Protein chains: 2
Amino acid sequence: MPAKPKWERIADEIRTQIESGELAPGAQLPSTAQLRAKYDVSAGVVRQAILVLQTKGLVEGVHGLGVFVTERSSS
Amino acid sequence: MPAKPKWERIADEIRTQIESGELAPGAQLPSTAQLRAKYDVSAGVVRQAILVLQTKGLVEGVHGLGVFVTERSSS
DNA sequence: CTTTATTTGTCCGTATGTATG
DNA sequence: ACATACATACGGACAAATAAA
């Protein structure tokens, strides 16, 4: 078993994309289904990663629409 | 249907106990099984509440030991 | 206005790893 | 060294919301 859980690896990957500017503020993240296929994991893992990012304030999920990057002052 | 999710209600309840000093820093939180019986929910719900509290830094979960209140100066 | 498609949100159950007795 | 108890991780299913036709 990997030292780091799958959901943490995915969360870190997305966070890196946000920090890199690859995912600009206001941009929509790939849907859970897309991420599920991309990382070949179940919905629960993606759900967990998104939830952590939400709690950290990096992204904001809107029910029925999608997950968007929180407008953060470009340091 | 409750306006707030079950896991959020549980998380708020636990947070209140910490702020009230009912759960002192270093004290162990009730096990998932205890909370599960107390709130009559499944382990997943309790796990979600615990995860949020962990991300917020209020508690700290140690694998194979239990969840403990983080040493935080009560204002 | 009703129906359908897409996406997030929540819930339940199971498997694995670690610490304790 | 073995058995038990607890916590975490993974996977899948169900429900609600929004937008478009």
Side-chain angles (χ1 to χ4, degrees), chain A residues 1-19 22-72, chain B residues 1-19 22-72:
Chain A
M1 198 222 301
K4 290 206 174 194
K6 290 183 179 178
W7 65 265
E8 193 168 342
R9 183 184 177 273
I10 297 176
D12 186 72
E13 190 98 351
I14 297 176
R15 189 202 305 180
T16 303
Q17 292 183 16
I18 295 177
E19 302 266 342
E22 195 172 338
L23 284 172
Q28 182 182 11
L29 269 69
S31 57
T32 53
Q34 298 283 55
L35 292 172
R36 184 162 85 100
K38 181 184 174 86
Y39 294 97
D40 194 53
V41 291
S42 74
V45 180
V46 178
R47 187 84 214 48
Q48 203 69 8
I50 298 291
L51 180 66
V52 172
L53 293 173
Q54 271 185 332
T55 312
K56 288 188 177 180
L58 275 83
V59 299
E60 187 175 351
V62 182
H63 198 159
L65 264 180
V67 183
F68 301 88
V69 181
T70 308
E71 272 191 293
R72 217 143 196 226
Chain B
M1 194 228 305
K4 293 206 171 194
K6 290 183 180 179
W7 67 265
E8 192 167 343
R9 182 183 178 274
I10 297 176
D12 186 71
E13 192 94 349
I14 297 176
R15 191 203 301 180
T16 302
Q17 293 183 15
I18 295 176
E19 302 265 345
E22 199 170 342
L23 283 172
Q28 183 183 12
L29 269 68
S31 353
T32 53
Q34 296 284 62
L35 292 172
R36 183 163 92 100
K38 181 184 173 87
Y39 292 97
D40 195 61
V41 290
S42 284
V45 183
V46 177
R47 196 185 142 285
Q48 201 74 356
I50 298 290
L51 179 68
V52 172
L53 293 173
Q54 268 187 332
T55 312
K56 288 187 175 180
L58 274 82
V59 299
E60 186 175 351
V62 183
H63 200 155
L65 263 183
V67 182
F68 300 88
V69 180
T70 308
E71 275 192 313
R72 195 116 199 218

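Not measured: the values here are computed from a predicted model. Below, chain A is the first sequence line, B the second, and so on; all start at residue 1.
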Colleague: Is there a side-chain polar atom (N or O) of T32(A) under 4.0 Å from OP1 or OP2 of dT8(C)?
Modeller: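 T32(A) to dT8(C) OP1/OP2: side-chain N or O found under 4.0 Å.
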Colleague: Could you give the CD-to-P distance, from E8(A) to dT8(D), as a whole number of Å?
Modeller: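 Going from E8(A) (CD) to dT8(D) (P), I get 13 Å.
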Colleague: Think K6(A) has a side-chain N or O under 4.0 angstrom from the OP1 or OP2 of dG11(D)?
Modeller: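 Indeed, a polar side-chain atom of K6(A) lies that close.
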Colleague: Distance check needed: dT6(C) C1' versus L29(A) CG, whole Å only.
Modeller: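 It is 16 Å, rounded to the nearest whole Å.
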Colleague: Under 4.5 Å between any side-chain heavy atoms of R47(B) and I50(B), yes or no?
Modeller: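 The answer is no; the side chains never approach within 4.5 Å.
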Colleague: Just the rounded figure in Å: distance from P of dT10(C) to CD1 of I10(B).
Modeller: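 Atom-to-atom, I10(B) to dT10(C), this comes out as 13 Å.
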Colleague: Looking at side-chain heavy atoms only, is the closest gap between I18(A) and V59(A) below 4.5 Å?
Modeller: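 Side-chain contact under 4.5 Å: yes.
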Colleague: Any strand counts, and the cut-off is 3.5 Å on both contacts for Watson-Crick or G-U wobble. Which nucleotide pairs with dA1(D)?
Modeller: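 Checking every strand shown, dA1(D) finds no partner, since no pair has both distances under 3.5 Å.
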Colleague: I want to confirm an ordering. Mapping G44(A) and H63(A) to their closest nucleotides on DNA chain C, which one lands closer to the 5' end?
Modeller: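 Mapping each residue to its closest nucleotide by heavy atoms, the 5'-most match is H63(A).
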Colleague: Which nucleotide in the set dG12(D), dT10(C), dC10(D) lies at the smallest distance from any side-chain heavy atom of V45(A)?
Modeller: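 Closest nucleotide among those given: dC10(D).
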Colleague: Around atom CD of Q17(A), are there more than 12 heavy atoms of other residues, nucleotides or ligands at under 6.0 Å?
Modeller: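 Correct, the count exceeds 12.
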Colleague: Looking at side-chain heavy atoms only, is the closest gap between I14(B) and L35(B) below 4.5 Å?
Modeller: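 Counting from C-beta outward, I14(B) and L35(B) do come under 4.5 Å.
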Colleague: Would you kindly compare R36(A) and R47(B) by the position of their nearest DNA chain D nucleotide and give the one closer to the 5′ end?
Modeller: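 Going by which nucleotide is closer to the 5' end, it is R47(B).
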Colleague: From CD of Q34(A) over to P of dT6(C), roughly how many Å is that when rounded to an integer?
Modeller: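 Spelled out: CD on Q34(A) to P on dT6(C) is 11 Å.
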Colleague: Side chain of Q54(A) only, please: which of dG11(D), dG9(C), dT7(C) is the nearest?
Modeller: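 Looking only at heavy atoms from C-beta outward on Q54(A), the closest nucleotide is dG9(C).
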Colleague: By nearest heavy atom, map W7(A) and G64(A) onto DNA chain D; which one lands nearer the 5' end?
Modeller: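 The answer here is W7(A).
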Colleague: Starting at OH of Y39(A) and ending at P of dG11(D), how long is that distance when rounded to a whole Å?
Modeller: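 Value for this atom pair: 15 Å.
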Colleague: Quick one: Q48(A) CD to dG12(D) C1', roughly how many Å, whole number?
Modeller: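 Nearest whole value for this atom pair: 14 Å.
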Colleague: In terms of side-chain heavy atoms of I50(B), which of dG9(C), dG12(D), dT8(D) is nearest?
Modeller: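 Between dG9(C), dG12(D), dT8(D), the one nearest the side chain of I50(B) would be dT8(D).
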Colleague: Side chain of L65(A): nearest nucleotide among dC10(D), dG12(D), dA19(D)?
Modeller: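 It is dA19(D).
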Colleague: Please test V45(A) against Y39(A) for side-chain contact (heavy atoms from CB on, under 4.5 Å), starting from the C-alpha separation and ending with a verdict.
Modeller: CA-CA 10 Å; V45(A) 180; Y39(A) 294 97; over 6 Å; no
Colleague: Rounding to an integer number of Å, can you tell me how far F68(B) CZ sits from dA19(C) P?
Modeller: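 From F68(B) CZ to dA19(C) P: 12 Å.
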